[in-house]
Colleague: 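After the structure tokens below, expect a handful of questions from me.
In the text below, chain A, chain B and the rest are named by the order of the sequence lines, each starting its count at 1. The structure displayed is predicted, hence computed values, not measured ones. Basis for what follows: all heavy atoms, side chains included, without hydrogens, waters or symmetry-related copies.
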Amino acid sequence: MIKYILQRLFSGLVTVFFVATFTFFAMHAVPGDPLMRGKAVSPEVRANLEALYGLDKPIAVQYGKFLLNMVKGDFGISFTQQNRSVNDIIRDSFPISATLGLLAIIFAAVGGVTWGAIAAINRNRLSDRVIMFAVILLVSVPTFVFGAMGQLAVSELNQKFGIDFLPIAGWGTLSHMLLPALVLGLGTMAFLARLMRSSMLEVVTQDYIRTAKAKGLPTLRIFVRHQLRNAILPVITFLGPSIAAITTGGFVAEVIFAIPGLGRYFVQAVQQLDYTVIMGLTVFLRSVSCFYGYSCRYSLRFY
Amino acid sequence: MRYQQFYGFLRSNGVKLTLTVLLALGAFWVHLAPALATTNQVVKIALLGEPPNLNSTKATDADSFFIIGHTMEGLTRYDQAGNIVPAVAEKWEINDKTATFKIRKDVKWADGSPITAKDFVFSWRTVVDPKIASEYSFLLYHIKNAEAINTGKKPIQELGVVAKDDHTLEVTFEKPCGYFLALTTFPTYMPVKESFFKAQNGKFGAEASNILSNGPFKLTSWVHGASLRLEKNPNYWDAKSITLDAIDIPYITPNEGTRFNLFKTGRIDTLGLTKNILQDAQREKFKLNKFADGTLFFMRFNFREGRPTANKNLRLALAKVLNTNDFISKVIGIPGTLEGTGLIPSFLQGATKLFRKEYPIAARRQNLAEAKKLIADAKKELKLTGPLSLVWLTGDTPVATSEAEYFQGLFKTHLGIDLKIDKQIFKQRLAKASAGDFDIESAGWGPDYADPMTFADLFTTWNNNNNGKWENKEYDAFIRKAMNTVKPKERMDAMAAAEKILLEEFPIIPTYERTVIYTQADRLTGVVRRSVGFDPDFTRAKIIK
């Protein structure tokens, strides 16, 4: 088992290394640089800035320095927020994205499994059709549409009744998290529902289910112990990547609901070509998704 | 329960669907909060972006300037009417060679310690220190030795600013500066207390606790990316004229839909309106206000070797084909937007009254027949037989796109020019613009200080923002003349003469001066919107009900 973990750890590190290297060179290949400003600075001022950030060195030296610092866990100072380090940004923002993501994934998993199971049980009946129609709709409509619609709906409600059912933006309390988590989780929930449904349908035709029925086992026991338990396997496998995607990719929801999460910093960094933040966040998020992926697969061993 | 019965139960009626919806939306419970709290004298606003840098010696952007403008104060400031009035300095004397500022005896930092002339000396030396690498250091280049220090040729102690005593600041100029007073309102010129700065260990301005204010408000909380709160500073020398207890910024979001909903439900007190949400705002019957933010937009031509836009007749043809008012109503769509006529926008002051009033210019009029003649001449001079094709470099915003498409249609229809639209994201656009990778660049410029020079020197050969590399010796000479005197009339005359050359040669074609539409809560009064300096200004605002 330790060997397995070590193997995974090693392959994770290799992945992160390649991702970091690729991002580093791709980023530098993009025309422009983080020191470009809407109002151009003089060559002298530019030289001062380049010296401050080490951009005056050849790219190979910059790469070497980046790798060395990365091993030490230091990603440097942001180009846009000139007195905050990338580590400060991760420390402040990741817990927020993670909390939001966790809530969204709980919602997606519970909702997805439930809807999928119900649809499977009612195969080809009206409720199955309705659920599947809703699922297709949820999968195909992007987050920003649901985000804007959800926010509009809640603000209309708040206005109409003169009380705050839910805050429409901001961050701080659990009530701030509900609407964004719901919006963020919808797409994944729909995908999981579809996965769950087809997996349930496959399981229900298996011999052991017939045997269990023939033995006269209680229905609930068959459903929970045999059917659900086996049908849920592909869902769990898929959960790893989706946790990673949701906790790291909540950008749209973060912008719409004014949430200070990591996704927003990431997109801003790309727009601003903020080298240090792009590198730091890429490496960090890649490590996080490797970790989620492996631990989900690993957890299946105990199943 | 039998197997069949269990399934039957699950299938029974449509009730189960409702049940699942409830399950799935389980998290969606009703949160009852007290109705909108009506706190006295607290204004609530949303910022578009996180202020990247609250270190006044290094800040360069509008969000940071907004916070710094409320929490810090320099030697002078702009009053409600836009005049420069005494602030930390109570009086001053300025001549060609020196300036002397008398600092008030009763001014204090938020921690109660006195503000002295030394705090300015330290701050200005920090700005020009090459190790600090401040981007706005060039704004101090009028001070003796500033440029030499900034380029590492002299030690920072040689900067031409000394504290004669705690209350007298003496500045020596490198060359005369006709608008030095306007510069002293700018964040880069604000004081910094040396002992405090050094105690922050490089984190000056990074968190609320790393900032020492001296302005009307102090920053009491800053959750990065989420919220800021500014509270009244009792140690501010003019605290008696400040009515607001706090400026609360509970939201930071670039999403205008979100800000719209927040305003509609009374969560924030002000809202800027773009073309996209203007109609919604009208439907909601918001009271609309507007002001010119001072930004001039124009198309810039490339004069580098081999660029067809270096041909004067071609540029004249493009100027003649343009119907600015039609362009503004079809593309910009913000009522009240001013036609771009000259280089100096209409809000700037001349020698005694508005610059534009002192030196009026007639608006360009569309003349298609003349444009067609000019383009034929241009093609002959360029030895072109086939169609002419030009690259239009622009940004990736919706307005930039519809602008590009408008000109594409206009140039094609009337002049037979194929406009190739090169749409780029921000940094790439800047990279291409400064490298000269365009024929026409869609560009804009906002003022740094309240003097026509902030626009006039843009097209000199030595200006780093002259992306088109237009070179005109006469133009340069007039600007140099304006830079070497402090006499208002002479300076303005020289800049007007330079502008006249620009409008004969058309290295740029001005298109419009931006107008910003906004709305604010009825309970709020005394908010100042301005083109130069931090905006909006809530320092003397009040809540009236």
Colleague: Does any heavy atom of chain A fall under 4.5 Å from the side chain of Asn463(B), the backbone, both, or neither of them?
Modeller: neither
Colleague: Could you list the donor-acceptor pairs under 3.5 angstrom formed between side-chain atoms of residues 27-34 of chain A and any protein atom two or more places apart in sequence or on another chain?
Modeller:
{"from": "Asp33(A)", "atom 1": "OD1", "to": "Leu35(A)", "atom 2": "N", "distance (Å)": "2.7"}
{"from": "Asp33(A)", "atom 1": "OD1", "to": "Met36(A)", "atom 2": "N", "distance (Å)": "3.2"}
{"from": "Asp33(A)", "atom 1": "OD2", "to": "Arg46(A)", "atom 2": "NH2", "distance (Å)": "2.8"}

Colleague: Looking at Arg84(A), Gln82(A), Met177(A), Glu44(A), which has the largest count of heavy-atom pairs under 4.5 Å with chain B?
Modeller: Arg84(A)
Colleague: Name the region of Ser227(B), side chain, backbone, both or neither, that has any atom closer than 4.5 Å to a heavy atom of chain A.
Modeller: neither
Colleague: Counting only non-hydrogen atoms closer than 4.5 Å, does Ala169(A) touch chain B with its backbone (N, CA, C, O), its side chain (CB onward), both, or neither?
Modeller: both
Colleague: What verdict does the ring-ring contact (aromatic ring centres under 6.0 Å, His included) test give for Tyr275(A) and Tyr53(A), after you've listed the backbone C-alpha separation in whole Å, the side-chain angles of each residue and the deciding distance to 0.1 Å?
Modeller: CA-CA 10 Å; Tyr275(A) 286 168; Tyr53(A) 284 101; 9.6 Å; no
Colleague: Does a salt bridge link Arg283(B) with Asp280(B), judged by any charged N lying under 4.0 Å from a carboxylate O?
Modeller: yes
Colleague: Under 4.5 Å from any heavy atom of chain A, what part of Phe260(B) do you find: side chain, backbone, both or neither?
Modeller: neither
Colleague: What orientation do Trp222(B) and His224(B) show, parallel under 30°, tilted 30 to 60°, or perpendicular over 60°?
Modeller: tilted
Colleague: Answer yes or no: is there an ion pair linking Asp396(B) with Arg429(B), defined by an N-O contact shorter than 4.0 Å?
Modeller: no
Colleague: Checking heavy atoms, do the side chain of Gln272(A), its backbone, both or neither come under 4.5 Å from chain B?
Modeller: both
Colleague: With Ser78(A), which of Asp274(A), Thr276(A), Asp88(A) fulfils side-chain hydrogen bond (donor to acceptor under 3.5 Å, both in side chains)?
Modeller: Asp274(A)
Colleague: Between Leu52(A), Leu273(A), Ile256(A), which has the largest tally of heavy atom pairs under 4.5 Å with chain B?
Modeller: Ile256(A)
Colleague: At a 4.5 Å cut-off on heavy atoms, which part of Trp462(B) comes close to chain A: side chain, backbone, both, or neither?
Modeller: neither
Colleague: Relative to chain B, which of Ser42(A), Gly261(A), Gly170(A) shows the most heavy atom pairs under 4.5 Å?
Modeller: Ser42(A)
Colleague: Among pairs that include at least one residue of residues 129-141 of chain B, which meet salt bridge (charged side-chain N to carboxylate O under 4.0 Å, His left out), considering only residues two or more places apart or in two chains?
Modeller: Arg37(A)-Glu135(B)
Colleague: If you count heavy-atom pairs under 4.5 Å between each of Asp92(A), Ile259(A), Ile168(A), Leu126(A) and chain B, which one has the most?
Modeller: Ile168(A)
